[in-house]
Enquirer: 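Before anything else, here's the structure in question.
So you know, we letter chains A, B, ... as the sequences are listed, proteins then strands, and number each from 1. Being a predicted model, the structure only gives us computed values, none of them experimental.
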There are 2 protein chains.
Amino acid sequence: MLAAAAKIFVERGYAGTTMRAIADDVGLKAGSLYYHFPSKELLIEAVLDMLIHGVSNAVYSAIAALPPGATYFDRIKAAVQAHLDSITAYGEYALASRRVLSQVPPHIRRKHVRLRDAYGDFWCQLLQNGQDAGEIRGEFDVRLARTFILGALNSIVEWYNPEGKSLDEVGSQFIRLISDGLCLQTQGSSQRP
Amino acid sequence: MLAAAAKIFVERGYAGTTMRAIADDVGLKAGSLYYHFPSKELLIEAVLDMLIHGVSNAVYSAIAALPPGATYFDRIKAAVQAHLDSITAYGEYALASRRVLSQVPPHIRRKHVRLRDAYGDFWCQLLQNGQDAGEIRGEFDVRLARTFILGALNSIVEWYNPEGKSLDEVGSQFIRLISDGLCLQTQGSSQRP
DNA sequence: GTCTATAGCACGATAGAC
DNA sequence: GTCTATCGTGCTATAGAC
């Protein structure tokens, strides 16, 4: 039922989603939904909660499962893959968060922006630790690097098709891109040591 | 008027945007809007058109303005900066495209997906040329690299604040990230020559 | 070019039968 | 736990005065 709601919120937006459409999708009548959820607001809130908790728990667990001697870059690799795996597993929920967060009532939006920011701060800290340990070049602003990394990773829900490349392949190409870069020889950056 | 429409489409979604709200924002009454635009559908279409044409023209012009001897990586750098500059210049239009495209009537959505795909193909070709010329490592799938790059660049409209870093600084950090990578020494990639 | 007024329809939510 | 029926509201779009 949450999954049906997420799908329809994505297709029609918050205001465009009707309780009748969600009810149809799960084989009920509109009035019956109110037995399970007291309002449309609490429905979208449940969808948004499911995503942020699902993704952040998946990432925190993946890092906690690493051996004690793991480098910061090992942690970043594990976080990238876990983020990728969970965000695609929660497909429609992730799209709902991406597209309708700006349309939900303000008190719900504020709560989720806070949760999302806390997750973003975790990434900043991870990159900062890597930089302090000398694994990441000092010239990078970690907040900027974090937004690029999460921006690229999150965009996968827009196009990923399970019939194509595996998530492991996608993740490992991305890790190679952010660690070593695209270029064989540096063309224009004079900052390289 | 288009700018007001873009802003409200982002805040409320397609269905949630009322002609009254747009009219209010520009100091008119709802009925008067129909003198300028025949329907809500054509309003969102004009907003979406403005963005895709604005961004792609900015990028194509930036590349056309390069000297004849420019490397492919010079072209990529110019495209990154022009994309970044134009997407932030069209702020609300870009957000509208990101968030409400999935909610507009199908015939309008299909047309814009086609335009967006054509622009994506241009990026693929750019990266492919760079790879053929030996400037980009052969191990990368150019389609994947393109989606990561555009995903990261497009996410800037979600957080960019003109009071912080300049767009030139943001662009140059991003270019350094995709060209050289984050890492001082490669930690886990055995594919490096 | 902008207004008022309204037709025709669909919405969220509730009440009460079963 | 699901149904039908309905209240009050607000929407797009149009018609015609100014």
Enquirer: Can a donor-acceptor pair be found, under 3.5 Å and without considering hydrogens, that links the side chain of B:Q103 to the backbone of B:R99?
Expert: yes
Enquirer: Can a donor-acceptor pair be found, under 3.5 Å and without considering hydrogens, that links the side chain of A:E135 to the backbone of A:F73?
Expert: yes
Enquirer: Check nucleotides 1-3 of chain C for protein N or O atoms closer than 3.5 Å to its own N or O atoms and list the pairs.
Expert:
from	atom 1	to	atom 2	distance (Å)
C:dG1	OP2	B:Y35	OH	2.7
C:dG1	O5'	B:Y35	OH	3.4
C:dT2	OP2	B:H36	NE2	2.7
C:dC3	OP2	B:K29	N	2.6
C:dC3	OP2	B:S32	OG	2.7

Enquirer: Hey, do the aromatic rings of B:H83 and B:Y119 have their centres closer than 6.0 Å?
Expert: yes
Enquirer: Round to the nearest Å and state the distance from A:L33 atom CG to C:dA13 atom P.
Expert: 11 Å
Enquirer: Cationic tip of B:K40 within the cone over B:Y14's six-membered ring, i.e. under 6.0 Å and within 45° of the normal?
Expert: yes
Enquirer: Does the A:R109 side chain pair with the main chain of A:V104, one donor and one acceptor, at a distance under 3.5 Å?
Expert: yes
Enquirer: Going through the checks in order, is the side chain to side chain contact (heavy atoms under 4.5 Å, CB included) test met by B:L115 and B:K111?
Expert: CA-CA 7 Å; B:L115 291 170; B:K111 174 186 151 193; 4.3 Å; yes
Enquirer: Taking all non-hydrogen atoms of both residues into account, name the closest pair between A:Y90 and A:L51 and its distance.
Expert: CB-CD1, 3.7 Å
Enquirer: Grab the NZ-P distance between A:K40 and C:dA13 for me, whole Å please.
Expert: 8 Å
Enquirer: Which residue pairs satisfy the side chain to side chain donor-acceptor pair (under 3.5 Å) criterion with at least one member in residues 21-36 of chain B, sequence neighbours excluded?
Expert: B:K7-B:D25
Enquirer: C:dG12 P sits how many Å from A:F37 CZ, rounded?
Expert: 15 Å
Enquirer: Considering only heavy atoms, which members of residues 9-22 of chain B lie under 4.0 Å from some atom of DNA chain C?
Expert: none
